[in-house]
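Any value given below was found using the heavy atoms of this structure, including those in side chains, with hydrogens, waters and symmetry copies removed. Counting begins at 1 with the first residue of the sequence.
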Amino acid sequence: MVPLVSWNCRGIRTKLVDVKALVNSFHPVCVALQQTFLKPNAHLKLRGYNCVRKDIDTGISSGGVCLLTSNHYPSTTLNLHTSLQAVAVQVHIKTVVTVCCIYLPPNDAISRNDLNTLPTGSGSNILCPFTARSAADRPRHRLGFGLD
């Protein structure tokens, strides 16, 4: 089984120790983080991982996604043409797998056209860990879904 981790961290700066602990425990191929609350000029590095991000610069801490990919697996960043908070990579595990990290804010109107611009499979595996929250939801943690 190939470990993958997805977490709505609600601010990565204060949770970096937790992310490092997850990485050291599970050695995931990818770590998908939602609601990173990072500004575009903020640096985020994790030893042994490449980082692909989409930050939201609204003046207040909100949103943003990050996909960390292990250097042990070749990967390619995919250019997404969408206004959604989403990033994607193709990772060569045993086969090519596309991993897309998405955050859908609770009050944003999401159109089918926006969703249709995300990667689709033509014989490849697509994994899209995402978080959609309503105002009543608490942060959700998805730790360790896997791909056999």
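Applying the side-chain hydrogen bond (donor to acceptor under 3.5 Å, both in side chains) criterion to T82, with sequence neighbours excluded, gives T117. Applying the side-chain contact (heavy atoms from CB on, under 4.5 Å) criterion to N113, with sequence neighbours excluded, gives S111, N116.
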side-chain contact (heavy atoms from CB on, under 4.5 Å) between L44 and L16: does it pass, once the steps are laid out? CA-CA 9 Å; L44 177 65; L16 202 50; 3.8 Å; yes
side-chain contact (heavy atoms from CB on, under 4.5 Å) between L22 and V31, intermediate numbers included: CA-CA 9 Å; L22 284 170; V31 178; 5.9 Å; no
For the pair Q34 and C101, evaluate side-chain contact (heavy atoms from CB on, under 4.5 Å) and give the outcome as yes or no after the intermediate values. CA-CA 7 Å; Q34 300 87 26; C101 177; 3.4 Å; yes
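Under the 4.5 Å side-chain contact rule for hydrophobic residues, I56 and F37 do not share a cluster. Hydrophobic clustering, with ILVMFWY side chains joined whenever heavy atoms are under 4.5 angstrom apart, groups V52 together with I93.
Using a 4.5 Å heavy-atom cutoff, the side chains of Y103 and T36 are not in contact. Taking 4.5 Å as the limit, some side-chain heavy atom of C30 sits within range of a side-chain heavy atom of V91. Side-chain atoms of Q35 and P105, non-hydrogen and from C-beta on, never get closer than 4.5 Å to each other. For the pair S83/D114, a side-chain contact is recorded, criterion being any heavy-atom separation below 4.5 Å from C-beta on. Contact of the D55 side chain with the N41 side chain is not registered, since no non-hydrogen atoms from C-beta on lie closer than 4.5 Å.
Here the shortest heavy-atom pairing between Y49 and P28 reads OH-O, 2.7 Å. For R53 against H43, the heavy-atom pair with the smallest separation is NH1-C, 4.0 Å.
Pairs engaging residues 12-32 under the side-chain hydrogen bond (donor to acceptor under 3.5 Å, both in side chains) rule: none recorded [sequence neighbours left out].
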Which pairs would a plain distance check flag for residues 62-81, meaning a side-chain donor or acceptor within less than 3.5 Å of a matching protein atom at least two apart in sequence or in another chain?
| from | atom 1 | to | atom 2 | distance (Å) |
| --- | --- | --- | --- | --- |
| S62 | OG | T58 | OG1 | 3.4 |
| S70 | OG | H72 | N | 3.1 |
| N71 | OD1 | N50 | ND2 | 3.1 |
| N71 | ND2 | G48 | O | 3.4 |

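Within the model, atoms CG of L38 and NZ of K54 stand 15.0 Å from one another, a figure rounded to the nearest 0.5 Å. If you take CD on Q85 and CG on L104, they are separated by 8.5 Å, rounding to the nearest 0.5 Å.
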